[in-house]
Amino acid sequence: MEREAGAGLLALGAAVGWLLRPLSPPLLAGLALLLLLAALRWLYRLCFAPLQLLRAAHQVGYIPEPGLSKCQAAGQVRRRRKRGELPPVYPNGWYRLLDSLQLRVAEVKNITILGEQVAVYRGQDGQTYAVDAYCPHLGANLAVGGRVMGNCIECPFHGWQFRGEDGKCTKIPYAEKVPDFVKIKTWPSCELNGAVFVWYHCDGIDPSWSIPEQDEIQSGEWVYRGRTEHYINSHIQEIPENAADIAHLSHLHTPSILSGADLRYTSARLWGFAQHDWKVEWNPEPEPNNHCSRMLVNHALRILGHHCSLLDVRVVARQVGPGIVYLLFNHSFLGHGIILHCVTPVEPLLQRVTHSIYYQANMPAIIPKFILKAECIQFERDVMIWNNKKYISKPLLVKEDSAIARHRRWYAQFYSPNSPRFTTQQDNLDW
Ligand code: FES
Ligand SMILES: [Fe+2]
């Protein structure tokens, strides 16, 4: 086998040499320089550019049957999974729309959130505004061809303009007077920690709590080093519940990240020499922060059974409301930083989950990029479970699982009697 590989390489070298023979030495030197520049560019991007890892809904955790694509397999899993008794699908709270970096001044974007279309734009004053995307006149989508005029958004169809602050129509180009009642729905929104968020309450009640600012992001002490994005085929509650499911850590997340995210191969002997160790605790926070909870994590790495204390990491995962988590890292010499983990329902059983990392500006970008990549591998193991599991309203729990039951009681505060529930007609299989 090795002899064959060696012969193959020799043949390849000879073929390349033969192809390059007619080239003059200056041309060869130019080619070598181009190759060197490409290698330097790759190295520069690896060390300094932010990581960007975006996954579509069918890309993680589906095992297609012969003859099916991954996309078809994802649709099949959704169809055959029996829906148990599900909690309401849209908890009340703040949800991330997009990162601040994704919206320039006078830019407008269409975002699907909670089964609705939202047009989010940045006015000339630099403020972000979120309004219903569909124009109340004849239903054109303001984010598709609409223009930002000052702090208003202009509809691409007949040019009506709406003010971002209160949704009031300020101009109808062909009408003598703008009737007072002409308005578009605005979403309470805020921009902080490098992202734009909107508030949702099924009864239209104003925000009852606000998102805490992370000072180090606001001051620029911690800088943006990358993000990941996943679409997950599950009920929203499954994702935060993971924090209180302490037992899964020492099973699902113990194999080394070297063995990857595909659960069929994570127990491969090849990578058995390295293992993660987790000590975890989950508790709700007391009043007035009862919309928050905390998971304290002590991570250690064992190599060939020996504890490698240099890789001890302490993480505080603070859940703020139903869809935002602050993962604060503290490492003795790799420094400090945060991953903002946001879960946003796109439709009843489809979640968009993003992780954005901010890290000490004086640390080389490759360190936070490695942390984010490692987190992403562990997270994708959970994604493979969520994408294929069903929600069980009365799970069989043992004493050691008690935090899961406590988490369900805590999370129930985000539902109201009018919170929308899942109906089978909503199960759109078209993604
Ligand atoms: S549909 Fe928007 S102005 Fe007519
Ligand atoms: Fe997990």
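In listed order, ligands and their atoms are each counted from 1. Only heavy atoms go into these numbers, but all of them, side chains included; no hydrogens, no water, no symmetry mates.
Between the side chains of Asp132 and Trp187, a donor-acceptor pair is found at a separation under 3.5 Å. For Tyr391 and Trp386, the side-chain atoms include no donor-acceptor pair closer than 3.5 Å. There is a side-chain donor-acceptor pair under 3.5 Å between Gln117 and Thr112. Judged purely by distance below 3.5 Å, without hydrogens or angles, the side chains of Asn233 and Tyr62 pair a donor atom with an acceptor atom.
Between Arg147 and Glu154 there is a salt bridge, since a side-chain N of the basic residue sits under 4.0 Å from a carboxylate O of the acidic one.
Paired with His276 under the rule ring pair (Phe, Tyr, Trp, His ring centres under 6.0 Å), one option of His253, His307, His299 passes, and it is His299.
Look at Asn242 and the Fe ion (ligand 2): an N/O/S atom of the residue is under 2.8 Å from the metal. Among the backbone and side-chain atoms of Asp382, an N/O/S atom is found under 2.8 Å from the Fe ion (ligand 2). At least one N/O/S atom of His137, whether from backbone or side chain, sits less than 2.8 Å from atom 4 (Fe) of ligand 1. Within the coordination shell of atom 2 (Fe) of ligand 1, defined by N, O or S atoms under 2.8 Å, His158 is absent. Cys155 lies apart from atom 4 (Fe) of ligand 1 in this respect, since none of its N, O or S atoms is found at a distance under 2.8 Å.
Listed by number with element, the atoms of ligand 1 under 4.0 Å from a non-hydrogen atom of Leu138 are 1 (S). For ligand 1 and Ala140, the ligand atoms under 4.0 Å from any heavy atom of the residue are 1 (S).
No other N/O/S atom of His248 lies as close to the Fe ion (ligand 2) as NE2 does.
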